[in-house]
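For reference, the structure discussed in these notes is given below.
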Amino acid sequence: MPELPEVEIMARNLDRWTAGRVLTGVTVVDERVDSGGVVAWSAGAAGQTVGRSWRRAKYAVTEVGSRVLVLHFRMTGKVVAAEPGTRKAERLVLHLATQAGRPDAVVFDDARHLGNAWVRPREGLDTWFSQDRKLGPEPWPMRRTAAFWHHQLGHTRRPVKVALMHQESIAGIGNILASEVLWRARIDPKRPARDLTTADWERVAEAVAGVVDDTLARDSGDEIAYVNSRGGSTRGVASPFSVYRCEGQPCPRCAAPVERFKQSGRSTFWCATCQGST
DNA sequence: TAACTTGTTTAAAC
DNA sequence: TGTTTAAACAAGTT
């Protein structure tokens with residue numbers, strides 16, 4: 001499931017594959033992917049030049065002329081450099097004028113068809129993200145201080161794990177990242193966010209940077225290596241996570257069994273020994 | 001087969 | 001009124 005680090009990789013790939021190139025056409029394979037403006041734009045897209053691509057929260061943004069193509073991947077979406085027609089669940093295809101060493105097409109592949117795409121004016125994009133999409137500030141790559149985390153999340157009584165996933169407070173942290181960050185920071189996921197101390201937020205700040213950087217180092221490549229639905233711990237393949245989907249397995253830090261419970265309908269994984277309340 | 005998986009939206013409850 | 005939780009939704013896997 002693409003969270004902040006995976007979307008960062010896909011945005012970098014998009015940039016590497018498409019920046020500065022001319023579109024020869026856009027195929028909207030599945031019109032349901034269009035959450036605004038995509039179908040209308042696709043008809044006249046040929047001939048336009050692609051600009052830079054970057055990430056905002058869990059969205060990938062690609063400049064095309066004076067507009068931007070915005071992608072959200074939800075659970076199973078990903079962008080790949082592939083021959084059109086070779087993927088099982090293609091939803092959107094960008095065709096590019098041939099250029100040596102770069103792909104002729106970029107495919108938005110999305111097995112469960114839950115992803116979304118928009119085409120919007122480049123102008124006002126920041127406002128659209130912050131106001132319409134209700135996205136808070138980015139937790140990465142800039143180094144955020146303990147004071148920043150406290151300011152964004154320290155007001156609520158909600159459990160800190162639930163608070164971390166609230167996109168309006170901080171944008172880009174999902175269920176996986178939240179569990180991993182709290183394990184790394186040795187914080188009980190059930191603690192009310194407002195009860196965390198400056199020292200706790202300091203560890204959160206460090207843990208976010210650490211988990212994101214580690215994931216980027218591990219997963220960078222042409223195609224996102226999704227954790228499969230067995231949690232990446234299938235025969236012989238080590239789980240890339242410390243606690244996520246590692247229920248019953250030994251905590252990498254103290255060897256106590258990792259536990260699981262539900263918060264706001266979502267599975268939280270943690271080590272009760274390492275992360276016990278203080 | 002029914003339960004589980006995701007982020008987001010909407011409705012309901014506290 | 002503001003905060004918080006629960007349910008619904010998309011669709012495919014186990």
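A note on names: the letters A, B, ... follow the listed sequences, proteins ahead of strands, and every chain is numbered from 1.
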Looking at every strand, decide which applies to [X] at a 4.0 Å heavy-atom threshold: base, sugar-phosphate, or nothing.
X: Lys134(A); result: nothing
X: Glu3(A); result: sugar-phosphate
X: Lys88(A); result: nothing
X: Arg260(A); result: sugar-phosphate

Quick one: which of [options] gets closest to the side chain of [X]?
X: Thr156(A); options: dT5(B), dT5(C), dT4(C); answer: dT4(C)
X: Met75(A); options: dT4(C), dT6(B), dT8(B); answer: dT6(B)
X: Tyr244(A); options: dT6(B), dT5(C), dT3(C); answer: dT6(B)
X: His113(A); options: dT5(C), dT5(B), dG12(C); answer: dG12(C)
X: Lys262(A); options: dT6(B), dA11(C), dT5(B); answer: dT5(B)

Distance below 4.0 Å between [X] side-chain N/O and [N] OP1 or OP2:
X: Ser267(A); N: dT5(B); value: yes
X: Arg32(A); N: dA11(C); value: yes
X: Arg158(A); N: dT5(C); value: yes
X: Arg133(A); N: dT9(B); value: yes

For this session: Tell whether Arg112(A) reaches the base of dT5(B) with its side chain through a donor-acceptor pair below 3.5 angstrom.
Result: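 Check passes, donor-acceptor contact within cut-off.
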
Exercise. Taking only Watson-Crick and G-U wobble pairs with both distances under 3.5 Å, what dot-bracket line describes DNA chain C, where [ ] shows pairs that cross earlier ones and | shows pairs with another strand?
Worked result: .|||||||||||||

